[in-house]
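The structure under discussion appears below in the form of structure tokens.
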Amino acid sequence: MSGPSCPNDFRHIVLRRRQDVLFATLNRPETRNALAPEVVAELARVLDLAEADDAIRALVLRGSSGFFCAGGNVGSFKARLDADPTQGDDPVAARNREFGRFMQRLAALPLPVIAAVEGAAMGGGMGLACGADIVLATPDARFALSETSLGIIPAQIAPFVVARLGHRVARRLGLSGERINGQTALRLGMVDELAADSAALDELLAQWLSRIGACAPHANRVLKPLLHRCGHEDDAALLDDAARRFAACMRDEGAEGIAAFREKRASAWRREISADEVRAAQAVPAAPAARGTLS
């Protein structure tokens with residue numbers, strides 16, 4: 001393992017660090033890794049760790065036991081519905097908006113985020129994948145905006161679904177609750193690349209992480225926020241700032257990158273990660289009592 005070890009007090013996520021990549025594996029198989037409030041709170045802590053440590057090159061989100069994420073935990077809704085919405089802020093709206101703030105942070109995280117999807121990515125689980133920069137999946141993965149079939153709406157994930165799929169496809173999926181498999185998801189743009197099965201998904205994930213490992217880490221942290229600003233700010237002002245950032249990168253990692261290119265050698269930051277490292281990083285403890293054990 002490279003870099004510092006991870007905190008060891010996570011209960012619902014297995015968090016490991018390999019080659020300065022954070023692997024966050026949702027590990028509540030009894031709920032198919034549903035996004036209960038305590039799970040979202042731990043995911044927010046993962047974002048804190050990734051954002052604060054400039055050495056982190058990428059974040060990988062995956063689910064244990066062959067399930068990515070079944071969406072919101074419907075079992076946790078009743079207590080909020082029983083609360084009186086006339087007494088102060090509506091607790092249902094407040095909790096819903098809290099997840100939206102997490103999604104905003106995930107999408108804005110200044111480093112690459114990869115979602116590796118097997119099994120179900122339903123409702124909020126599909127939204128979680130839409131907050132990633134790269135989505136890899138198996139052909140039998142299942143995606144759906146299933147909220148309307150329960151009489152509710154995909155409120156806080158809607159902007160991120162539209163950003164990934166566009167309005168037309170988001171309307172198709174949201175208004176029908178249609179379940180699509182990995183092949184259809186690839187065709188619609190939900191998924192970037194398919195792997196034949198779980199083992200092949202490990203291999204594919206290792207390939208993408210090695211591609212990211214060939215990129216300068218600080219340059220990636222500068223580029224991603226710049227891309228998020230495109231289309232939302234005046235072009236002239238944005239390009240003025242981009243020029244200044246380009247110059248700063250040139251004087252920083254750019255000097256090494258250009259020297260490596262001229263000398264036909266690997267850059268100092270280049271890292272490669274193997275499928276075996278990926279598998280080890282995402283292995284979950286066998287016994288429930290050991291959940292949260294990190295290395």
Side-chain angles (χ1 to χ4, degrees), residues 1-27 38-64 101-116 128-129 131-136 160 205-229 245 248-257 260 266-274 276-285 291-295:
M1 184 180 82
S2 64
S5 61
C6 296
N8 62 2
D9 59 340
F10 283 81
R11 295 183 58 243
H12 310 293
I13 293 173
V14 174
L15 186 65
R16 295 194 179 96
R17 180 172 177 166
R18 297 288 188 276
Q19 297 276 12
D20 288 328
V21 174
L22 276 184
F23 292 84
T25 305
L26 303 180
N27 191 32
E38 55 271 25
V39 176
V40 177
E42 289 196 355
L43 282 170
R45 285 187 59 204
V46 172
L47 300 191
D48 291 339
L49 293 168
E51 191 167 14
D53 189 344
D54 287 341
I56 298 296
R57 309 283 292 270
L59 170 64
V60 175
L61 301 175
R62 197 165 181 176
S64 67
R101 280 188 283 272
F102 163 77
M103 286 295 304
Q104 287 178 288
R105 288 195 60 208
L106 174 64
L109 194 69
L111 66 149
V113 178
I114 301 179
L128 188 65
D133 302 297
I134 300 163
V135 180
L136 311 176
F160 310 97
L205 184 51
Q207 292 172 23
W208 278 95
L209 289 171
S210 295
R211 289 170 189 158
I212 291 169
C215 300
H218 180 65
N220 269 353
R221 282 182 176 251
V222 173
L223 176 60
K224 185 173 172 181
L226 179 66
L227 294 174
H228 274 286
R229 293 164 59 192
R245 294 177 185 275
C249 288
M250 179 69 79
R251 295 186 176 97
D252 182 22
E253 292 169 329
E256 162 62 13
S267 57
W269 58 72
R270 187 177 185 91
R271 301 288 185 274
E272 293 195 8
I273 191 164
S274 69
D276 286 341
E277 288 178 285
V278 167
R279 293 184 186 103
Q282 297 174 132
V284 299
R291 192 180 300 158
T293 299
L294 310 175
S295 60

Is the backbone of Arg62 close enough, under 3.5 Å, to the side chain of Gln282 for a donor and an acceptor to pair up by distance? no
Counting N and O atoms only, with roles assigned by atom type, does the side chain of Glu277 sit under 3.5 Å from a partner on the main chain of Arg18, one being a donor and the other an acceptor? no
Please check this pair: side chain of Thr25 against backbone of Gly63, looking for a donor-acceptor N/O pair closer than 3.5 Å. no
To the nearest 0.5 Å, what is the distance between CG (Leu15) and CG (Asn27)? 12.0 Å
Find the distance between CG (Leu43) and CZ (Phe10) and round it off to the nearest 0.5 Å. 8.5 Å
Shortest non-hydrogen separation from Arg17 to Ala55 and the atoms involved: NH2-CB, 3.7 Å
Taking all non-hydrogen atoms of both residues, which atom of Val14 and which atom of Ala283 are closest, and how far apart? CG1-O, 3.9 Å
From CZ (Arg16) to CG (Leu22), nearest 0.5 Å: 12.5 Å
I need the minimum non-hydrogen distance between Asp9 and Arg45, along with the two atoms involved. OD1-NH2, 3.1 Å
If I compare all heavy atoms of Arg271 with all of Gln19, which pair ends up nearest, and what's the gap? CD-OE1, 3.6 Å
Donor-acceptor contact below 3.5 Å, side chain Trp269 vs main chain Ala214: yes
Side chain of Glu256, backbone of Ala268: donor and acceptor closer than 3.5 Å? yes
Give the minimum heavy-atom separation between Ala115 and Ala129, together with the two atoms involved. CB-CA, 4.1 Å
Closest non-hydrogen contact found for Gln104 with Phe160 is N-CZ, 3.7 Å
May I ask you to decide if Asp20's main-chain N or O and Arg57's side chain share a donor-acceptor pair within less than 3.5 Å? no
Between Arg279 and Asp276, does any side-chain N to carboxylate O distance fall below 4.0 Å? yes
Once rounded to the nearest 0.5 Å, what's the spacing between atom CG of Leu26 and atom CG of Leu61? 7.0 Å
Can you tell me if Lys224 uses its side chain to pair, donor with acceptor, with the backbone of Leu109 under 3.5 Å? yes
Worked verdict on Val21 versus Ile212 for side chain to side chain contact (heavy atoms under 4.5 Å, CB included): CA-CA 10 Å; Val21 174; Ile212 291 169; over 6 Å; no
Begin with the C-alpha distance, continue with both residues' side-chain angles, and end with the deciding distance and a verdict on side chain to side chain contact (heavy atoms under 4.5 Å, CB included) for Leu47 and Leu106. CA-CA 7 Å; Leu47 300 191; Leu106 174 64; 4.0 Å; yes
Distance col, row Glu38:CD vs Glu42:CD, nearest 0.5 angstrom, shows 8.0 Å
Can you check side chain to side chain contact (heavy atoms under 4.5 Å, CB included) on Leu223 and Arg245, steps first, answer last? CA-CA 9 Å; Leu223 176 60; Arg245 294 177 185 275; over 6 Å; no
Approximate separation, where rounding is to 0.5 Å, of Gln207 CD and Leu136 CG: 9.5 Å
Begin from the C-alpha positions of Val222 and Cys249 and carry the test side chain to side chain contact (heavy atoms under 4.5 Å, CB included) through to its verdict. CA-CA 9 Å; Val222 173; Cys249 288; 4.2 Å; yes
So, His12 side chain and Ala41 main chain: donor-acceptor pair closer than 3.5 Å or not? no
